Protein chains: 2
Amino acid sequence: MVTMKRNTWQREAVRNALTQSEGFVSAQSLHSALRDAGSSIGLATVYRALGDLAGAGDADSLQQDGESLFRACTPDSHHHHLICRECGTTVEIKADAVEQWAKSVAAEHGFTEPHHIVDVFGLCRACSST
Amino acid sequence: MVTMKRNTWQREAVRNALTQSEGFVSAQSLHSALRDAGSSIGLATVYRALGDLAGAGDADSLQQDGESLFRACTPDSHHHHLICRECGTTVEIKADAVEQWAKSVAAEHGFTEPHHIVDVFGLCRACSST
DNA sequence: ATGCTATTGATAACGAATCTCATTACCGCT
DNA sequence: AGCGGTAATGAGATTCGTTATCAATAGCAT
């Protein structure tokens, strides 16, 4: 028995908060959201939990502006996001063609276990008109 | 004439160093490389020059492990990357189909100025076999 | 050359993420 | 249920990449 994993309410809290979050969230914002909701969870714990989730494949992560953003990863509803860089509005988009492309391009170069980051940023209709 | 751009040896030094670098380089390593070569260039200047190059489309940038990496970018060659999450090896990939898809999906939802993040991670051939 | 001002660079400041370590509490065992 | 070991927690300190500050420097038009 090399490593033993324990179940704590903190891990579950992070998992829940992440699942209920829309789009990508930073560790810090998730932490303050939890605190605002009355939780006494620590920041370091949120970082650890998110790292574990990402490592276990239960969360997707991407890096933007020098910070890591996380998103709950539901295996049966893979999709990407169209995000407004002004107001943060996000629209879910499906892209089967892109999924196939990512897989094939990875295989083409001998890469295994492909995992892709595909997100489109822009200005939404409202923000474009201002 | 609202903004005037001046040519300094520092900018050229960064441009040259970046061009001569193999693969992606961090601002800090580029800075110490320049210092090691006898240059007295400052760190902040390297950051500024790299930011300008990236903004002007003369350099590609990606974020990994919380730091930004840069590489000289030959103009008119927009491409994405296939990155090994183990050793960091990167392969340039072209994806015209994805470019078109990003544009159309953005327009479809009323988004303007589309800008997309498309990167594929995986294990390269060498790292897969270990 | 001269004046204006963009640029530089040493350093301070900032922020995200990690580390430390004493305390807590999960979980197998009896 | 009670115990013991030990993984996990969390407040604070620390690391590290990046940006801001601001006096000094140097590019460029005249």
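Keep in mind the model is a prediction, meaning the values are calculated, not measured. Lettering of chains follows the sequences in order, A, B, ..., and the numbering in each one begins at 1.
- Summarising the geometry, the separation between CD on A:Gln64 and P on D:dT18 is reported as 15 Å, rounded to the nearest angstrom.
- Looking only at side-chain heavy atoms (C-beta outward), A:Asn7 and A:Arg11 stay at 4.5 Å or farther from each other.
- Proximity of A:Thr45 to the phosphate of D:dG10: a side-chain N or O atom is located under 4.0 Å from OP1 or OP2.
- Between B:Leu43 and B:Arg48, the residue anchored nearer the 5' end of DNA chain D, judged by the nucleotide with its closest heavy atom, is B:Leu43.
- Side-chain atoms of B:Arg11 stay outside donor-acceptor range of the base of C:dT7, with no qualifying N/O pair under 3.5 Å.
- Remark: P of D:dG17 and CD of B:Gln63 are 14 Å apart, rounded to the nearest angstrom.
- As rounded to whole Å, 14 Å separates atom C1' of D:dA29 from atom CG of B:Asn7.
- One can place CG of A:Asp52 at 11 Å from P of C:dT18, the figure rounded to the nearest angstrom.
- Put simply, A:Arg35 has no side-chain N or O that comes within less than 4.0 Å of OP1 or OP2 on D:dG10.
- Side-chain contact between B:Phe70 and B:Leu53 is absent, with no heavy atoms from C-beta onward closer than 4.5 Å.
- A straight line from CG of A:Asp65 to C1' of C:dC14 spans 15 Å, rounded to a whole angstrom.
- Look at CD on B:Glu67: it is 11 Å from C1' on D:dT18, rounded to the nearest Å.
- Between B:Ile41 atom CD1 and C:dG9 atom P there is a gap of 6 Å when expressed in whole angstrom units.
- No contact: B:Ser26 has no heavy atom under 4.0 Å from any strand.
- Residue A:Thr8 places at least one side-chain N or O under 4.0 Å from the OP1 or OP2 atom of D:dT9.
- No side-chain heavy atom of A:Tyr47 sits less than 4.5 Å from a side-chain heavy atom of A:His31.
- For the pair B:Gln10 CD and C:dA10 P, the computed distance is 11 Å after rounding to whole Å.
- You'll find that the side chain of B:Arg6 is closest to C:dT5, out of C:dA17, D:dT6, C:dT5.
- Residues A:Ser29 and A:Ser32 have side chains that never bring a donor and an acceptor to within less than 3.5 angstrom of each other.
- The side-chain heavy atoms of A:Lys94 and A:Asp96, taken from C-beta on, include a pair separated by under 4.5 Å.
- Side-chain nitrogen and oxygen atoms of A:Ser68 include at least one within less than 4.0 Å of the OP1 or OP2 phosphate oxygen of C:dA17.
- Regarding contacts with the backbone of D:dT19, every side-chain N or O of B:Tyr47 stays at 4.0 angstrom or more from both OP1 and OP2.
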